[in-house]
K.L.:
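One structure is given below, represented as structure tokens, and several questions about it will come after.
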Amino acid sequence: MSKNYKRYTVTSALPYANGPVHIGHLAGVYIPADIYVRYLRSKGEDVKFICGSDEHGVPITIRAQKEGVTPQQVVDKYHEIIKNSFQEFNISFDIYSRTSSEIHAETAAGFFTNLHGKGIFEEKTTEQYYDEKANQFLADRYIVGTCPRCGNENAYGDQCESCGSSLNATDLINPKSMLSGEKPVLKETKHWYLPLDKYESWLREWIIDGHKDWKTNVYGQCKSWIDGGLQPRAVTRDLDWGVPVPLEEAKGKVLYVWFDAPIGYISATKDLTPDWEKYWKDEETKLVHFIGKDNIVFHCIIFPVMLKAHGDYVVPDNVPANEFLNLEGDKISTSRNWAVWLHEYLEDFPGKADVLRYVLAANAPETKDNDFTWKDFQARNNNELLAIFGNFINRAVVLTHKYYGGKVPAKTELQPADLVVLDELKAFPAKIGDLIERYRFREALSELMNLARLGNKYLAETEPWKLIKTDEDRVKTILNIALQIAASLTIVAEPFLPDTAKRLAQMLKIKPDTWAAAGGQDYLVADHQLGEAALLFEKIEDATVQAQVQKLLDTKKANQLANSTVAPAKENITFDDFSRMDIRVGTILEAEKVAKTKKLLKLKIDTGLDQRTIVSGIAEFFDPAQIIGQQVSVLVNLAPREIKGIESQGMILMAENADGSLAFVQPSSAVKNGSGIS
RNA sequence: GGCGGGGUAGCUCAGUUGGUUAGAGCACAGGAUUCAUAACCCUGAGGUCAGGGGUUCAACUCCCCUCCCCGCUACCA
């Protein structure tokens, strides 16, 4: 398992180019990956750090349509924003490519052709909605219609955004194409499937038996998927935005985005170097994917199966997926604008990329979901970066300037306390490096701070500012050692805080050196002239973080306002339309939870006409025992429908609150069962 | 409901194969200090390791049950 690798290919998840990047992405994926890569480079390893924008898929075409622009314009816009954000946070990709590029289309199509040639794919024909006027098949999101559950007339084919139900396009009442407005027809279409099920035994051997070293969340999730049984997965779609399927018979079809996206790692590497094959096809290359937990199945199951089926490629050695980062106690949400966007952070905190890098790395969701708060951000800047790291550097450099004109004094006689500190200093780089190699970035970072703490403690205990009056030789040794610690910090801090490391190196007037030089007791030679002391960090005031908190509170308020808006009235209907509905008052006689469901209650209702069974999705809000005997409104002439094997004969009328909670619609005083409602 | 992950100090989190007294940072209290951005340094207090049962000489750790949070997934007429 611990093979000796000659080189590394490190990828970080391709951000989807339909929006900017926020702190959750950074904390979960890009900062860990960047720390890992910078460390490897510092060790002198041969490493390529690969990323790029994921620019295909239906959501981008929808956004384009909404904004009245082309998909290419959408991805061009976000590709630039995302790319710039990464640059400003010093995420040191060797290449940041994109999947709308020519080289990617070639690579992805080539990959498909290769698998197709090997007879890997299964072909299946199914019925899908087709717009005859626009002459194309419709993605689920391209079909609107009336939600069969809540009656919202603008439900999408995959989901109703009004009631949150997930739907099949064929469930919609009065489906309409978003392209032409016409009613779509069902039409047969052929697609190519990757038979994941045929790779089950290989996956078991490779992951379940072979990669017990993976993080528990990753390993557990993979095991769950494999044990649950894998299904063939379509690799093609009827869509005009994507990589065209390279087959004569597949005109108008593109590669499904999940198939082409991971190949983006390969095409980006091609884009980077003609030597790309070495980084993908050589057994001595260690492939590592940094991703968030939502991406585990693609990087641990699907992409490896693709690589395995192809046969020439190596499969990942590790996939250190992180959990999610919350923001001030709530989930980060793009649609609710509950996020700290990277480009906005840099406007509010210019020059402070490292501060956010530090806070996010220190609080990265490595084993479970974590919370980012502005208060914590302030505390970590003021109490850790500034008070421990910055302060130590400042003390050492200021004292050296004060006593020795900024020239590194030579060590004199070493005392036991000095030797202890030098030993500890020497041990740090290996300790930090080991943690990084085991993907434990938080702990590695805390060891980095411990090195600065060692410096502070050493100064506090030796008190050179007192000794300068009595034992100047001793002071020379002390400051020399303190400066050696500072010098090593330039190296071991670099993966985490690249800007800071650079500024520190400038202050000490040293050239960046390799990891091997860190921990040395003579990294700074005697008489070396230091630069002027400068502050590495500045204090973040209460008012500053308060402003950020206020910004979020405003967002929350805006969201509440948006939620409280009442849905617009539906189209007028005739009295006749209304009178076709037979709504009666009934009494709940029995209520029990339907086994193996979360939302369903099986109710027995006395409708006055009869006693009938109705299945209703209200279990989340009502305790069965508490609702027996209550009167409710029942739509009695709704066609019966089987739900979870139970025939439901009618529907209970419910009022839905803004927060989604439900209430019965019931008479204000008891009336006879069977009384009509009109 | 099924599957996966999690529940450890006021807060954010460590705790590797079961092994003495369960750790760190922040916050808090006391002390020391003045080179340093009132920062650093030392000491202390603070825990029914979600709850219950079991295995064991020994359980935060392994097994069973229950509750809660997150994710994937099914159900919603």
Side-chain angles (χ1 to χ4, degrees), chain A residues 147-151 160 163-167 171 173 215-225 227-228 292-294 296-297 321 323-324 326 331 359 362-373 375-376 378-380 382-384 386-388 390-403 438 440 442-443 446-447 449-450 452-453 455-468 475 478-479 482 533 535-539 593-601 614-620 635 638-645 648-652 654 662:
Chain A
C147 172
R149 183 187 175 207
C150 72
C160 170
C163 67
S165 315
S166 57
L167 305 168
D171 293 339
I173 302 162
K215 290 173 64 169
T216 48
N217 57 336
V218 177
Y219 185 86
Q221 191 65 247
C222 290
K223 190 166 185 306
S224 163
W225 277 86
D227 288 346
K293 66 173 162 183
D294 51 332
I296 291 174
V297 66
E323 301 284 306
F324 284 157
N326 292 326
K331 285 179 218 206
V359 175
N363 204 19
E366 283 177 6
T367 55
K368 62 179 175 190
D369 291 359
N370 269 359
D371 199 27
F372 175 92
T373 65
K375 191 164 169 270
D376 182 61
Q378 180 191 26
R380 288 199 185 268
N382 293 354
N383 304 330
E384 297 180 23
L386 187 151
I388 296 170
N391 188 35
F392 165 65
I393 299 298
N394 195 39
R395 299 170 84 181
V397 175
V398 165
L399 284 174
T400 305
H401 274 285
K402 198 175 271 186
Y403 303 149
R438 286 156 60 206
R440 300 170 69 140
R442 266 204 321 232
E443 206 177 333
S446 110
E447 286 298 339
M449 292 311 286
N450 282 341
R453 284 193 173 95
N456 275 321
K457 186 170 172 165
Y458 179 62
L459 287 181
E461 282 172 356
T462 54
E463 298 183 308
W465 48 90
K466 280 188 182 167
L467 289 178
I468 192 70
V475 173
I478 293 166
L479 284 185
L535 299 177
L536 289 174
F537 304 100
E538 54 188 31
K539 192 162 183 171
K593 214 163 164 206
V594 179
K596 296 189 177 186
T597 68
K598 189 153 107 191
K599 297 187 181 175
L600 299 184
L601 283 189
I614 292 179
V615 177
S616 186
I618 60 174
E620 284 178 304
L635 179 61
L638 183 68
R641 164 129 179 190
E642 190 170 297
I643 301 165
K644 277 274 155 188
S648 180
Q649 302 159 310
M651 172 172 165
I652 309 287
M654 305 299 300
L662 300 173

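Letters A, B, ... are given to chains in the order of the sequence lines, protein chains preceding strands, and every chain is numbered from 1.
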K.L.:
Select base, sugar-phosphate, or nothing to describe what A:Asp227 touches, counting heavy atoms under 4.0 Å on all strands.
P.N.:
nothing
K.L.:
Please say which of A:Asn391, A:Ile393, A:Asn394, A:Leu386 ends up in a side-chain contact (heavy atoms from CB on, under 4.5 Å) with A:Leu535.
P.N.:
A:Asn394
K.L.:
With rounding to whole Å, what would you report as the distance between B:rA59 and B:rG53 at their P atoms?
P.N.:
13 Å
K.L.:
Determine the contact category for A:Ile478: base if any of its heavy atoms lies under 4.0 Å from a base atom, sugar-phosphate if only primed atoms, P, OP1 or OP2 are that close, otherwise nothing.
P.N.:
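No contact.
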K.L.:
Can a side chain N or O of A:Lys457 be found less than 4.0 Å away from OP1 or OP2 on B:rC42?
P.N.:
yes
K.L.:
If I pick the P atom on B:rC26 and the same atom on B:rU43, what distance separates them, to the nearest angstrom?
P.N.:
13 Å
K.L.:
Could you please name the option among B:rU37, B:rC41, B:rU33 that lies closest to any side-chain atom of A:Glu463?
P.N.:
B:rU33
K.L.:
Need the pair for B:rC28. Rule: Watson-Crick or G-U wobble, both distances under 3.5 Å, any strand; none if unpaired.
P.N.:
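By the stated definition (distances under 3.5 Å), B:rG44 pairs with B:rC28.
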K.L.:
So does A:Asn383 get a side-chain nitrogen or oxygen closer than 4.0 Å to the phosphate oxygens (OP1/OP2) of B:rA27?
P.N.:
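Looking at the OP1 and OP2 atoms of B:rA27, one of them is under 4.0 Å from a side-chain N or O of A:Asn383.
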K.L.:
Please tell me if the side chains of A:Arg395 and A:Trp465 come closer than 4.5 Å, counting only heavy atoms from C-beta onward.
P.N.:
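A side-chain contact under 4.5 Å exists here.
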K.L.:
Both distances under 3.5 Å, Watson-Crick or G-U wobble: report the partner of B:rC57, or none.
P.N.:
B:rG19
K.L.:
Could you tell me whether A:Lys223 contacts a base, only the sugar-phosphate backbone, or nothing, with contacts defined as non-hydrogen atoms closer than 4.0 Å?
P.N.:
nothing
K.L.:
What interatomic distance, in whole Å, is found between P of B:rU21 and the corresponding atom of B:rG2?
P.N.:
39 Å
K.L.:
Looking only at side-chain atoms of A:Lys402, point me to the closest of B:rU37, B:rC35, B:rC26.
P.N.:
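Of B:rU37, B:rC35, B:rC26, B:rC35 is nearest to the side chain of A:Lys402.
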K.L.:
What are the two closest heavy atoms between A:Leu479 and A:Tyr403, and how far apart are they?
P.N.:
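Scanning both residues, the minimum pair turns out to be CD1-CD1, 4.0 Å.
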